[in-house]
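The block underneath contains the structure these notes are about, expressed in structure tokens.
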Amino acid sequence: MTKVLVSDPIDQAGIDILTQVAQVDQKVGLSPDQLKNIIGEYDGLMIRSGTQVTSDVISEAKKLRIIGRAGVGVDNVDVPTATRKGVLVVNSPGGNTIAAAEHALAMMLALSRNIPQANGSMFAGGWDRKKYVGNELYKKTLGVVGLGKIGSHVAKVANAMGMEVIGFDPFVSNERAQQMQVRLSDIEELFKESDYVTLHLPRTPETENLVDIDLLRKMKPTARLVNCARGGIINENDLANALAENVIQGAAIDVYAKEPLAENSPLRAVKKGLVLTPHLGASTVEAQQNVAIDVAEQIRDVLLGLPARSAVNIPGLSAEIMDSLKPHLKLAETLGLLVSQISGGQIQKLEVRLQGEFAQHPSQPLVIATLKGLLTSALGDKINYVNASLEAKGRGIDVVEIKDELCPEFARGSLQLDSFSDKGGHSVSGTVFGDGDLGITSIDEYPINFVPSRHMLFTRHRDMPGIIGQIGSLLGKYNVNIASMQVGRRIVRGEAVMVLSIDDPIPSELLGSILSMQGINEAHSVTL
Ligand SMILES: NC(=O)c1ccc[n+]([C@@H]2O[C@H](COP(=O)([O-])OP(=O)(O)OC[C@H]3O[C@@H](n4cnc5c(N)ncnc54)[C@H](O)[C@@H]3O)[C@@H](O)[C@H]2O)c1
Ligand SMILES: O=C(O)CC[C@@H](O)C(=O)O
């Protein structure tokens, strides 16, 4: 029975999708040890930001295939460990964009008009109209740090509200910034010039403590800072001191270095100018439905053996790409399996030659599929699209990609693998025909033409009368049925290759007998 654990509160729409394919256990509030103790039972795990999926947790997973994060940030998942274990990590990159952008805008407005303070005072019996005079956003300068999905939506709305928007994002071009009506600046200038600064960048080792007391001191004393991105980007002690010392006028914070925010956090002790929310950026009914559906559909698909839309740990391999490249990926995997089984040694280098149509597609998915095929004989079902590149690297396989847009021989191009091992080199190539069928078109540069089948016998032998008949008789003796045969050679009576498609695998004793025949240089049993 396929089982999925849901360990954070998830919208029912997502649960309904998961129950189409699995038994769904909803267990919210598990301690790290409780999660470790039960994770071994599950094929899928669905979380929000509350569950910490540490390396310890992933190490205890016996059959986990997918971790689905109903949201954007996967900083609560040890992605490198998941990748090593071949566990796919998926998220919902766009499901809560609007919710998070609107929360940041709400925080700016709340700060400028003292709404939380005025609200608190009203419920305490007050009526203070002088104390809560605020500021308008109109004609003020907004600095947006991180101009991705959320930052660009904030910029759009701020522009519409009559703000001047400046931005800092090292990965955004001037053209893109112009389209967003944002003037690019460096980070120090942005902090100096802005009346409001809003953060919309990820937390990474480079962005941790990015906003410290030095940067805060660059801000205007009337400036306000909003963080609805990730905790840890602002140094919380420095912010508390800056507010206490009137270095800046205000701040509104939704996310914290450590969540939930500790009771004795210096932020909770700030007396004025600070608005805090408990990581509510994505907490709208609409966003929670969006992310639950988006991620549950991906978990369902992966458990059914289909690709995911937003895989975090196989970049460049979206469901769309996998769908459009289906036969090409199948060929890449088949050639990888084939070359690994005829190589017979520890492969040290693999050249992946993409020609014609193959060179026009993104190469990364095709290389990953090749490596998956290459390592399947050694690792069985432990190898998949998630960990193939990492496993190949770990085994010291040097992968070289060669692209050639021309391919005069085959209308749809061809893919060739050249492997180099301690036992010498081998080469296989193939193509995809118009109807999506696969064809193997050469082995060790001997032209050949066959449709790959589950079981095959491959030989390199002297091209001399009687040798093929002898192999046929031996197979007959072992009751192995031949489905088809293909022979390729370059010189008459030189060396030739033969591929037999057979109905059953070759027993090792039979392979030994074939290898001991006169004129046989190599014989390999191949299973795809
Ligand atoms: N508060 C919430 O509930 C909530 C909800 C959703 C997203 N988020 C967070 O909001 C942030 C933005 O999310 P998004 O969906 O817009 O992501 P995104 O990937 O679309 O955009 C992030 C942008 O940050 C930029 N960036 C990266 N490093 C930078 C740096 N050092 N300086 C400046 N810019 C840098 C990137 O180039 C990118 O354009 C993320 O941290 C995400 O986790 C929070
Ligand atoms: O799950 C949540 O509510 C937080 C989501 C948000 O931080 C995200 O990264 O998508």
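In listed order, ligands and their atoms are each counted from 1. One-based numbering along the sequence shown.
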- Apply salt bridge (Lys or Arg N to Asp or Glu O under 4.0 Å) to Glu60 and Lys36, showing your working. CA-CA 6 Å; Glu60 292 299 318; Lys36 253 168 63 181; 5.7 Å; no
- Message: For Leu190, is there any backbone N or O sitting under 3.5 Å from a side-chain donor or acceptor partner on Ser185?
- Response: yes
- At under 4.0 Å between heavy atoms, which part of Ile150 makes contact with ligand 1: side chain, backbone, both or neither? both
- Message: Is it the case that ligand 1 has an N or O less than 3.5 angstrom from some N or O of Asn96?
- Response: no
- Item | Neighbour list for ligand 2 [protein residues, heavy atom under 4.0 Å] | Arg48, Ser49, Arg69, Gly71, Val72, Gly73, Asn96, Arg230, His279, Ala282
- Message: Can you confirm whether the side chains of Thr277 and His103 place a donor and an acceptor under 3.5 Å from each other?
- Response: yes
- Shortest protein heavy-atom distance from atom 28 (N) of ligand 1, along with the residue and atom involved: Phe171 CE1, 3.8 Å
- ligand 1 versus Leu147, non-hydrogen atoms closer than 4.0 Å: side chain, backbone, both, neither? backbone
- Query: Does Cys228 reach ligand 1 with a nitrogen or oxygen that is under 3.5 Å from one of the ligand's nitrogen or oxygen atoms?
  - Reply: yes
- Query: Any donor and acceptor pair, going by atom type alone, linking the side chain of Lys403 with main-chain N or O of Ala359 inside 3.5 Å?
  - Reply: yes
- Glu401 side chain to Val367 main-chain N or O, any donor-acceptor pair under 3.5 Å? no
- Item | Nearest neighbour in protein (non-hydrogen) for atom 27 (C) of ligand 1 | Pro202 CD, 3.5 Å
- Task: Please work out whether any backbone atom (N, CA, C, O) or any side-chain heavy atom from C-beta onward of Ala100 is under 4.0 Å from ligand 1, and answer side chain, backbone, both or neither.
- Result: side chain
- Sub-3.5 Å donor-acceptor pair from the side chain of Asn91 to the main-chain atoms of Arg69, do we have one? no
- Query: Hey, is the main chain of Arg309 close enough, under 3.5 Å, to the side chain of Gln298 for a donor-acceptor pair?
  - Reply: yes
- Considering only the protein, which heavy-atom contact is closest to atom 21 (O) of ligand 1, and what is its distance? Gly148 CA, 3.2 Å
- Task: Using distance alone, decide if ligand 1 has a nitrogen or oxygen within less than 3.5 Å of any nitrogen or oxygen in Thr207.
- Result: no
- Message: Considering both backbone and side-chain atoms of Asp169, is one of its nitrogen or oxygen atoms within less than 3.5 Å of a nitrogen or oxygen in ligand 1?
- Response: yes
- Task: Considering only non-hydrogen protein atoms, determine which one is nearest to atom 9 (C) of ligand 1 and report residue, atom name and distance to 0.1 Å.
- Result: Ala229 O, 3.4 Å
- If you scan protein heavy atoms around atom 12 (C) of ligand 1, the nearest is His200 O, 3.5 Å
- Message: I need the atoms of ligand 1 closer than 4.0 Å to a non-hydrogen atom of Phe168, numbered in the order shown.
- Response: 32 (N), 33 (C), 34 (N)
- Query: Where the side chain of Asn76 meets the backbone of Thr51, is there a donor-acceptor pair that is under 3.5 Å apart?
  - Reply: yes
- Task: May I ask whether Glu206 places a heavy atom under 4.0 Å from ligand 1?
- Result: no
- Message: With a 3.5 Å distance limit and no angle check, can you tell me whether Asp254 reaches the backbone of His279 through a side-chain donor-acceptor pair?
- Response: yes
- Task: Mark yes or no for whether Lys131, through its side chain, and Arg129, through its backbone, hold a donor-acceptor pair below 3.5 Å.
- Result: no
- Message: What protein heavy atom lies closest to atom 33 (C) of ligand 1? Include the residue and the distance to one decimal.
- Response: Pro170 CD, 3.4 Å
- Counting both backbone and side chain atoms, is some N or O of Arg203 under 3.5 Å from an N or O of ligand 1? no
- Task: Tell me which protein heavy atom sits closest to atom 15 (O) of ligand 1, plus the residue, atom name and distance to 0.1 Å.
- Result: Lys149 CE, 3.5 Å
- Note on the structure: Residues passing the salt bridge (charged side-chain N to carboxylate O under 4.0 Å, His left out) test with Arg217, sequence neighbours excluded, are Glu245
- Item | Worked check of side chain to side chain donor-acceptor pair (under 3.5 Å) between Asn290 and Glu286 | CA-CA 6 Å; Asn290 290 342; Glu286 296 85 347; over 6 Å; no
- Message: Taking distance alone, with N or O pairs closer than 3.5 Å, would you say Leu201 contacts ligand 1?
- Response: yes
- Name of the residue among Val275, Asp195, Thr198, Asn135 meeting side-chain contact (heavy atoms from CB on, under 4.5 Å) with Arg224: Asn135
- Query: Counting N and O atoms only, with roles assigned by atom type, does the side chain of Asp186 sit under 3.5 Å from a partner on the main chain of Glu189, one being a donor and the other an acceptor?
  - Reply: yes
- Backbone of Ile213 reached by a side-chain donor or acceptor of Asp238 within 3.5 Å: yes
- Query: Going by the atom numbers of ligand 1, which of them fall below 4.0 Å from some non-hydrogen atom of His279?
  - Reply: 1 (N), 2 (C), 3 (O)
